[in-house]
Amino acid sequence: MPQQYILVEREEPIATAIINRPDKLNALNWDLIAELAAELEKLDADDAIGCIVLTGAGDRAFAAGADIAEMSDASTMRMATGSFENWDRIRRIHKPIIAAVGGFALGGGNELAMHADIIIASEKAKFGQPEIQLGIMPGAGGTQRLAHTVGKYKAMEMCLTGDQFTAQDMLAAGLVNKVVPEGQHLDAAKEMARKIASRGPLAARMTKEAILMAFETPLQVGLQYEKRLFAMLFSTEDQKEGMRAFMEKRKAEFKGR
Ligand code: CO8
């Protein structure tokens with residue numbers, strides 16, 4: 001597929017994937033999501049990249065939702081089959097993803113931000129699930145991830161009113177990690193990405209896997225899962241290097257092995 005909607009900027013050991021459809025407030029059409037999944041998978045397989053930043057082009061939007069024009073005449077079967085496969089590919093990315101949100105993150109845009117592992121927002125960012133105003137409801141995980149993240153009551157308010165919420169609201173609700181002044185969200189996300197990328201890549205991958213598992217399992221099962229991943233890390237060179245570096249009072253040099 002020729003690259004059209006997603007720009008990738010590499011600044012090893014991090015990379016930034018930019019949703020590049022600013023004239024439509026980065027509305028997510030099917031081809032765009034397919035391209036995003038493909039680009040993220042390439043970065044996921046790239047040993048030179050330790051953390052991925054995901055952002056939207058322009059200063060108005062991360063993404064203002066799924067493309068309403070494209071969906072308006074869609075059949076039930078079109079929506080039920082195929083349309084979620086590429087979202088699922090994004091869910092399965094192993095490397096940490098930081099969403100840098102500078103403007104609207106609405107509907108599918110908010111759901112995409114919730115496919116990331118950390119969300120950094122500009123004070124101008126606006127979050128919401130406006131689907132109900134279109135006579136539909138969230139379909140790419142919004143009801144579930146919001147209920148897990150902000151709790152039943154805020155999730156109900158967001159999805160039932162369709163209102164927009166400020167970055168400060170979402171910080172208080174636990175959806176956003178950090179709010180920064182207008183225009184600084186990308187730099188702040190990159191700064192955190194560089195920090196994460198400087199840590200052991202295998203440990204980062206397993207940490208992400210273990211935390212996401214907390215949403216899938218009862219506590220005892222999750223604790224067993226964590227213990228296994230924890231023990232597995234003792235078979236890596238990175239663990240030996242990390243602990244040796246601590247004792248030798250120097251910075252560890254991780255190799256992802
Ligand atoms: N889809 C398509 N086009 C859009 C979208 C969108 N979601 N959002 C904005 N645009 C377009 C506008 O049509 C407009 O295009 P044009 O200039 O050609 O007319 C351009 O972007 C600029 O937008 P506005 O002129 O509307 O800008 P405003 O500043 O007046 O308003 C808003 C900004 C408030 C963000 C407004 O654009 C808006 O309400 N957008 C729609 C928000 C929304 O309802 N999002 C939810 C969509 S439904 C959804 O996401 C379901 C997810 C299901 C996922 C599963 C899929 C398989």
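For the single chain, residues carry numbers from 1 onward in sequence order. Counting convention: from 1, in listed order, for ligands and their atoms alike.
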What pair of heavy atoms forms the shortest contact from Gly139 to Glu111, and how long is it?
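Reported closest heavy-atom pair: N-OE2, 3.3 Å.
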
Would you call Arg92 and Asp88 a salt bridge, taking side-chain N to carboxylate O under 4.0 Å as the test?
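A salt bridge links Arg92 with Asp88.
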
Do the charged groups of Lys255 and Glu237 touch, with an N to O distance under 4.0 Å?
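So Lys255 does not pair with Glu237 through a salt bridge.
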
Taking heavy atoms and a distance under 4.0 Å, where does Met71 meet ligand 1: side chain, backbone, both or neither?
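Met71 to ligand 1: side-chain contact only, backbone stays beyond 4.0 Å.
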
Examine the proximity of ligand 1 to Lys24 and report which part, side chain or backbone, both or neither, has a heavy atom under 4.0 Å away.
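Both backbone and side chain.
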
Identify the protein heavy atom lying closest to [atom], giving its residue, its atom name and the separation to 0.1 Å.
| atom | value |
| --- | --- |
| atom 36 (C) of ligand 1 | Leu25 CD1, 4.6 Å |
| atom 45 (N) of ligand 1 | Ala64 O, 2.9 Å |
| atom 29 (O) of ligand 1 | Arg60 NH2, 2.6 Å |
| atom 1 (N) of ligand 1 | Ile68 N, 2.9 Å |
| atom 53 (C) of ligand 1 | Glu111 OE1, 4.0 Å |
| atom 39 (O) of ligand 1 | Leu106 CD1, 5.0 Å |
| atom 57 (C) of ligand 1 | Ser83 CB, 3.6 Å |
| atom 5 (C) of ligand 1 | Ala27 CB, 3.9 Å |

Heavy-atom contacts with [X] under 4.0 Å: which atoms of ligand 1 show up? List them by number with element.
| X | value |
| --- | --- |
| Gln164 | 34 (C) |
| Glu131 | 48 (S), 49 (C), 50 (O), 51 (C), 52 (C) |
| Leu134 | 44 (O), 47 (C), 48 (S) |
| Phe84 | 55 (C), 57 (C) |
| Asp23 | 20 (C), 21 (O) |
| Gly107 | 46 (C), 50 (O) |
| Pro130 | 43 (C), 44 (O), 45 (N), 46 (C) |
| Gly108 | 49 (C), 50 (O), 52 (C) |

Does the residue Ile33 have a heavy-atom contact with ligand 1, meaning some pair of atoms that are separated by less than 4.0 Å?
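Ile33 does not count as a contact of ligand 1 under the 4.0 Å cut-off.
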
Any heavy atom of Glu70 sitting closer than 4.0 Å to ligand 1?
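Glu70 does not count as a contact of ligand 1 under the 4.0 Å cut-off.
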
Hey, looking at atom 54 (C) of ligand 1, which of Ala63, Ala140, Gly103, Gly65 has the closest heavy atom?
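It is Ala140 whose heavy atom sits nearest to atom 54 (C) of ligand 1.
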
Flag this pair as yes if the NZ/CZ of Arg78 is under 6.0 angstrom from the six-membered ring centre of Trp30 and inside a 45 degree cone about the axis; otherwise no.
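So Arg78 does make the cation-pi contact.
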
Measure from atom 19 (O) of ligand 1 to the protein's non-hydrogen atoms and state whether any distance is below 4.0 Å.
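Protein heavy atoms within 4.0 Å of atom 19 (O) of ligand 1 - there are none.
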
Pairwise distance CG(Leu28) to CD(Glu35) - rounded to 0.5 angstrom:
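Atom-to-atom, Leu28:CG and Glu35:CD are 12.0 Å apart.
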
Do [X] and [Y] make a side-chain contact, defined as non-hydrogen atoms from C-beta onward lying under 4.5 Å apart?
| X | Y | result |
| --- | --- | --- |
| Cys159 | Met137 | no |
| Leu146 | Leu175 | yes |
| Phe215 | Arg145 | no |
| Asn86 | Ile90 | no |

Validation: residues 184-210 side-chain donor-acceptor distances under 3.5 Å, sequence neighbours left out:
{"from": "Lys190", "atom 1": "NZ", "to": "Glu11", "atom 2": "OE2", "distance (Å)": "2.9"}
{"from": "Ser198", "atom 1": "OG", "to": "Lys195", "atom 2": "O", "distance (Å)": "2.7"}
{"from": "Arg205", "atom 1": "NH2", "to": "His94", "atom 2": "NE2", "distance (Å)": "3.3"}
{"from": "Thr207", "atom 1": "OG1", "to": "Ala203", "atom 2": "O", "distance (Å)": "2.6"}
{"from": "Lys208", "atom 1": "NZ", "to": "Ile93", "atom 2": "O", "distance (Å)": "3.0"}
{"from": "Lys208", "atom 1": "NZ", "to": "Lys95", "atom 2": "O", "distance (Å)": "2.9"}
{"from": "Lys208", "atom 1": "NZ", "to": "Asp117", "atom 2": "OD2", "distance (Å)": "2.8"}
{"from": "Glu209", "atom 1": "OE2", "to": "Tyr225", "atom 2": "OH", "distance (Å)": "2.4"}

Any donor-acceptor pair under 3.5 Å linking the side-chain atoms of Tyr5 with those of Asn26?
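Checked: Asn26/Tyr5 side chains show no N/O donor-acceptor pair below 3.5 Å.
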
If we count only N and O atoms by modelled type, under 3.5 Å, do the side chains of Asn29 and Glu70 hold a donor and an acceptor together?
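No, Glu70 and Asn29 have no side-chain donor paired with an acceptor closer than 3.5 Å.
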
Please set out all donor-acceptor pairs under 3.5 angstrom arising from side-chain atoms of residues 239-247, sequence neighbours excluded.
{"from": "Lys240", "atom 1": "NZ", "to": "Phe234", "atom 2": "O", "distance (Å)": "2.9"}
{"from": "Glu241", "atom 1": "OE1", "to": "Arg250", "atom 2": "NH2", "distance (Å)": "3.2"}
{"from": "Glu241", "atom 1": "OE2", "to": "Arg250", "atom 2": "NH1", "distance (Å)": "2.8"}
{"from": "Glu241", "atom 1": "OE2", "to": "Glu253", "atom 2": "N", "distance (Å)": "2.7"}

Would you check whether Gly109 has a nitrogen or oxygen atom less than 3.5 angstrom from a nitrogen or oxygen atom of ligand 1?
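No; every N/O pair is 3.5 Å or more apart.
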
